[in-house]
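Structure first, commentary second.
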Amino acid sequence: METLAAPRFSLQSTLESGQYFRWTRRGDGFEIHLRQGVLFARQNGDVLEFEGVDGATVGRFFALDHDLPAIHAELERDPHLRGALRRYRGLRILRQDPWECMAAFITSAVSNIPRITRNVVDMAARFGTPPAFPRPEQMGSERELRDLKLGFRARYLSQAALLARGGALDRLDGPLESVRQALMEYPGIGMKVAECIALFAYGRLDAFPIDTWVRKAMRRLYFRNRRVSDGKIREFAARRFGRYAGYAQQVLFTAERTGRDYSPDGRPASLSLTLASAPSRR
DNA sequence: CGCCAGGTGGCCC
DNA sequence: GGGCCACATGGC
């Protein structure tokens, strides 16, 4: 087993935050299927023990180069974020393969994490070269994807694969807006999915994907539960959270989806919900 | 049975 | 810009 210094990292929080789907618990660690191989990883304090792929791949995938202290220092100025940041300390935004990330989040539309996981694992098993997810050139036809129960997403996936042939996604670069605009040319990719891919695959940490959970959290925490358009939320998030908005999004998503406990000291979810929704504290 | 789920695309005003 | 609908499938 090899090791890597991994301070300010939580393997579990990172994997369980719903960014990546092809992993499973294995004994005291996790088995993670990547393009480069099957990675087994477990955490021992600040040390990440791993085998299966090389250390550079591990460090890159888990984004161990992200400056977590700086990110937290900046975001913790917002009192609404402190509880979630503390609770999910060490959660990192991954650096995923763009095509797999694109396929996974096209699949995510009107779905849920268990089902997305099933769909993505199915696609890998059916069309990929294990453990690698299928390249765009290997993806199935719309019909074959419908057979895997992808539903209306099957057409999007097969057509997106055609557009992504020849390494088109490897050539995407530039600021968030241009990456997002290029991604939205693909069928099945609107603003939300484009921001997910920009964040989870292209390291655009200022991306702020707004899904049903984040929308609910943002409305409650910053808009007095009023009805607000996603455009307004995005604008607000950009101003409020700045260059690390993506990290704010991911802890808000995770907190809202699991437990909904924003309090820094871990009160019962029902109570903290009440506290968080109240305009004033106490 | 009916409703809703990590949304998007098409069409309306 | 915003509102409404269909889109497959699965879980409750």
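Numbers restart at 1 for each chain; the letters A, B, ... are given by sequence-line order, proteins then strands. Since this is a predicted model, take the numbers as computed values, not measurements.
- In this structure, B/dA5 and C/dT9 make a Watson-Crick or G-U wobble pair, each of the two defining distances being under 3.5 angstrom.
- Rounded to whole angstrom, the span from the CD1 atom of A/I106 across to the P atom of C/dT9 amounts to 18 Å.
- Ring centroid separation for the pair A/F9 and A/F62 comes in under the 6.0 Å cut-off.
- Pairing of B/dG10, defined by two Watson-Crick or G-U wobble distances under 3.5 Å, is identified with C/dC4.
- When distances run from any side-chain atom of A/R227 to the nucleotides C/dG3, C/dG10, C/dG2, the shortest one goes to C/dG3.
- Atom CG in A/L145 sits roughly 19 Å away from atom P in C/dC7 (whole-Å rounding).
- One can place CG of A/N119 at 18 Å from P of B/dA5, the figure rounded to the nearest angstrom.
- Side chains of A/Q138 and A/T129: a donor-acceptor N/O pair is present below 3.5 angstrom, by distance only.
- Whole-Å rounding puts the A/I233 CD1 to C/dG2 P distance at 11 Å.
- In this model, no donor atom of one side chain and acceptor atom of the other lie less than 3.5 Å apart for A/H72 and A/Y244.
- As rounded to whole Å, 8 Å separates atom C1' of C/dG11 from atom CG of A/N112.
- Rounded to an integer number of Å, the gap from CZ of A/R153 to P of C/dT9 is 9 Å.
- Annotation: A/R8, atom CZ; neighbour count of heavy atoms from other residues, nucleotides and ligands within 6.0 Å does not exceed 12.
- The number of heavy-atom neighbours closer than 6.0 Å to CD of A/Q181, taken from other residues, nucleotides and ligands shown, is 12 or below.
- Using a 4.0 Å heavy-atom criterion, one finds that A/Q19 contacts the bases of the nucleic acid, with or without backbone contacts as well.
- Other residues, nucleotides and ligands contribute over 12 non-hydrogen atoms within 6.0 Å of the CZ atom of A/R234.
- As a whole-Å value, the separation of A/R155 CZ from C/dA8 P is 7 Å.
- Per the geometry, CZ belonging to A/R115 stands 16 Å off P belonging to C/dC7, to the nearest Å.
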Show your working on ring pair (Phe, Tyr, Trp, His ring centres under 6.0 Å) between A/Y20 and A/F61 and close with a plain yes or no. CA-CA 11 Å; A/Y20 192 65; A/F61 180 68; 5.2 Å; yes
Can you check each nucleotide of nucleotides 7-13 of chain B against protein heavy atoms at under 4.0 Å and return B for base, S for sugar-phosphate only, - for none, in 5' to 3' order? BBS----
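- The phosphate of C/dA8 has OP1 or OP2 within less than 4.0 Å of a side-chain N or O from A/R146.
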